[in-house]
*Asks:* 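Quick one: structure below, then a few questions.
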There are 2 protein chains.
Amino acid sequence: MTRGGDSGGGTGVDPQQLWLTPDRPRKGRRPAFTREAITAAAVALADAEGLDAVTMRRVAAEVGAGVMSLYSYAPDKETLLELMADHVSGELPTDTAPTGDWRADLKAIAHEQRALMLRHPWLPVTLATHRTPGPNTLAFLERALAALRPTGLDGAAKLEAFAQLTAFVAGYVSHEVTRAGSAHPPQRAAAEARYLQAVAADGRHPELAEVLAAPGRPLEPEAMFTRFLNRLIDGLATD
Amino acid sequence: MTRGGDSGGGTGVDPQQLWLTPDRPRKGRRPAFTREAITAAAVALADAEGLDAVTMRRVAAEVGAGVMSLYSYAPDKETLLELMADHVSGELPTDTAPTGDWRADLKAIAHEQRALMLRHPWLPVTLATHRTPGPNTLAFLERALAALRPTGLDGAAKLEAFAQLTAFVAGYVSHEVTRAGSAHPPQRAAAEARYLQAVAADGRHPELAEVLAAPGRPLEPEAMFTRFLNRLIDGLATD
DNA sequence: TACACTTCCCGTACGCTGTACGAGAATGAA
DNA sequence: TTCATTCTCGTACAGCGTACGGGAAGTGTA
């Protein structure tokens, strides 16, 4: 750790130690890098080459540091991923005031989350496992809670509603980018189609055969998202 | 590859080569293991110790094989994960006939998926990245398509509806097990609570402060799931 | 100026991972 | 028996996260 020492002694890192750390001490050698710069480099790497490209060695090379220097800014790689997630969450608008129509507000929030995740396709993956909110995430949460105020839900329910909304968006986008991502080249899609056709031809999958025979037009992910989202939110606090 | 050779030459493995392979050839040494047994061992490992415990060495040791022998049954680890996912999908019921009430059928399907994922908490994670359906997954898909028949949706829409439903369930369960899983010991939860209290005390998060001051009673994940699910499905093909 | 003290940088090293390679064992066909 | 085929798996390698600890760079005190 840069400042404070890891006295937590459990699984993961004490969030208080991680996020609520004041200025650097007045003594000792001055840091050559910043947590900010390292995080930004890791994010750029993940955006450009995917999450697998984010290795401590690659990130260190990118910022011009030695590998082990990174550990002065984040205690381990898991934490670096958490820093990355909160870093990009800074792109989310936080100063939008509630309109009074909480459903509309929540829909806007979800659309912003989706846009963010489409810009950073690795985000849903990291969100699925790393769940200690940093300052940017908390600022966004603050806005979501404000939007949820008119619902009259109690505290736990509001938190849960936001968490579930985020999980839904992450799940949707995760699926969306898998379908259309770089990991799905035309050749692979064709092989998959051939495979499904072969399965459908075996006679024991009549429904699949019919679906493949009359596919209909492909669906807009955007419109699909909106529809699912509207349904989810419209019924959120009605029963 | 056991049989056929990997002539695909793209990203991943040709699904046809993987799933649609006939009996073993008539010549050559007889296999000492089965794909089935190896997959089952990997599943048992993941269930007992989590997905990280599933390494080629551990799996090989578990079945009593040499490490490299596994590569006769699955071309790489990614594929082994895919085999695992389809393996446990065999636990899903497939012979349930549609009742005519497609919404009720779909809700039942989602509840079965959730139960499966709770039994195998690693499943949502692997589903998020590995998406070539094996025979068991296809059998279940067949049932879902049958259930969706009364909706009158076209082929692509039916497939998409099923995929999105699965993504939703995976996202929900993923979040559910993170909250309550073994990776969330009381000590860690307490540290997180302390951290949030500290943030709320800074004055710039009034909504969060209020939420933490009046939390209300914790929510039942089961009831929450049902409510979300009902809302999602009830509005699925109405507009 | 000299020294102690603190803080940070980072080369080296270790155990772990997935898996390429190829030698050798087991089998069916000729 | 001999040959081709198929499977098993020991060895080896590059790459991973990161523990350790020596040296460099800064501040505060004498």
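A, B, ... follow the sequence lines: proteins, then strands. Residue 1 opens every chain. Bear in mind that the values here come from a model prediction, so they are computed numbers and not experimental data.
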*Asks:* Roughly how many Å is it from CG in B/Asp76 to P in C/dT17, rounded to a whole number?
*Replies:* 17 Å

*Asks:* Looking at A/Lys27, I'd like to know whether one of its side-chain N or O atoms comes within less than 4.0 Å of OP1 or OP2 on D/dG28.
*Replies:*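 No, A/Lys27 has no side-chain N/O under 4.0 Å of OP1/OP2 on D/dG28.
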
*Asks:* Rounded to the Å, how far apart are A/Leu45 CG and D/dC16 P?
*Replies:*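 My rounded result for the distance is 11 Å.
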
*Asks:* A/Leu80 has an atom CG; how far is it from atom C1' of D/dC16, in whole Å?
*Replies:* 14 Å

*Asks:* Without decimals, in angstroms, what is the distance between B/Asp52 CG and C/dT17 C1'?
*Replies:* 12 Å

*Asks:* Around B/Arg204, counting heavy atoms of other residues, nucleotides and ligands shown, do more than 12 lie under 6.0 Å from its CZ?
*Replies:* no

*Asks:* Name all residues meeting the side chain to side chain contact (heavy atoms under 4.5 Å, CB included) criterion together with A/Ala65; count only those two or more places apart in sequence or in a different chain, and write none if there are none.
*Replies:*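 Here the qualifying residues are A/Phe33, A/Val63, A/Ser69.
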
*Asks:* Where each residue is assigned the nucleotide of DNA chain C containing its nearest heavy atom, which of B/Arg58 and B/Gly28 is assigned the position nearer the 5′ end?
*Replies:*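 Counting from the 5' end, the first nearest nucleotide belongs to B/Arg58.
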
*Asks:* Could you tell me the separation between the CE atom of A/Met56 and the C1' atom of D/dG17, rounded to a whole number of Å?
*Replies:* 7 Å

*Asks:* If I take atom OH in residue B/Tyr71 and atom C1' in nucleotide D/dG10, what distance separates them, rounded to the nearest angstrom?
*Replies:* 15 Å

*Asks:* For residues 162-169 of chain A, run the donor-acceptor check on the side chains, cut-off 3.5 Å, and write out each pair with its distance to 0.1 Å, sequence neighbours left out.
*Replies:*
residue  : atom : partner  : partner atom : Å
A/Gln164 : NE2  : B/His175 : ND1          : 3.0
A/Thr166 : OG1  : A/Gln113 : NE2          : 3.1
A/Thr166 : OG1  : A/Phe162 : O            : 2.9

*Asks:* Of the residues in residues 63-70 of chain A, which ones touch DNA chain D at a heavy-atom distance under 4.0 Å?
*Replies:*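 Only A/Val67, A/Met68 qualify.
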
*Asks:* For the pair made of CZ in A/Arg57 and P in D/dG17, what is the distance, rounded to whole Å?
*Replies:*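 For the pair A/Arg57 CZ and D/dG17 P, the rounded distance is 7 Å.
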
*Asks:* Whether B/Tyr73 contacts D/dT8 is assessed here as follows: a side-chain N or O lying under 4.0 Å from the phosphate OP1 or OP2. Is that the case?
*Replies:* yes

*Asks:* Got a sec, which residues hit salt bridge (charged side-chain N to carboxylate O under 4.0 Å, His left out) with B/Glu49, two or more places apart in sequence or on another chain?
*Replies:*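 Partners of B/Glu49 by the salt bridge (charged side-chain N to carboxylate O under 4.0 Å, His left out) criterion, ordered by chain and then number, come out as B/Arg58.
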
*Asks:* For A/Arg143, check salt bridge (charged side-chain N to carboxylate O under 4.0 Å, His left out) against everything at least two apart and list the hits.
*Replies:*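 Testing A/Arg143 for salt bridge (charged side-chain N to carboxylate O under 4.0 Å, His left out), a comparison that skips the adjacent residues, returns A/Glu112.
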
*Asks:* State plainly whether the residues B/Arg114 and B/Glu176 are in salt-bridge range, i.e. N to O under 4.0 Å.
*Replies:*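 Yes, B/Arg114 and B/Glu176 are salt-bridged.
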
*Asks:* Nearest nucleotide by nearest heavy atom, which residue falls closer to the 5' end of DNA chain C, B/Arg30 or B/Lys77?
*Replies:*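 On the 5' side of the pair lies B/Lys77.
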
*Asks:* Going by the rule salt bridge (charged side-chain N to carboxylate O under 4.0 Å, His left out), which residues pair with B/Glu36 if we only count those two or more places apart in sequence or in a different chain?
*Replies:*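 B/Glu36 satisfies salt bridge (charged side-chain N to carboxylate O under 4.0 Å, His left out) with no residue once adjacent residues are dropped.
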
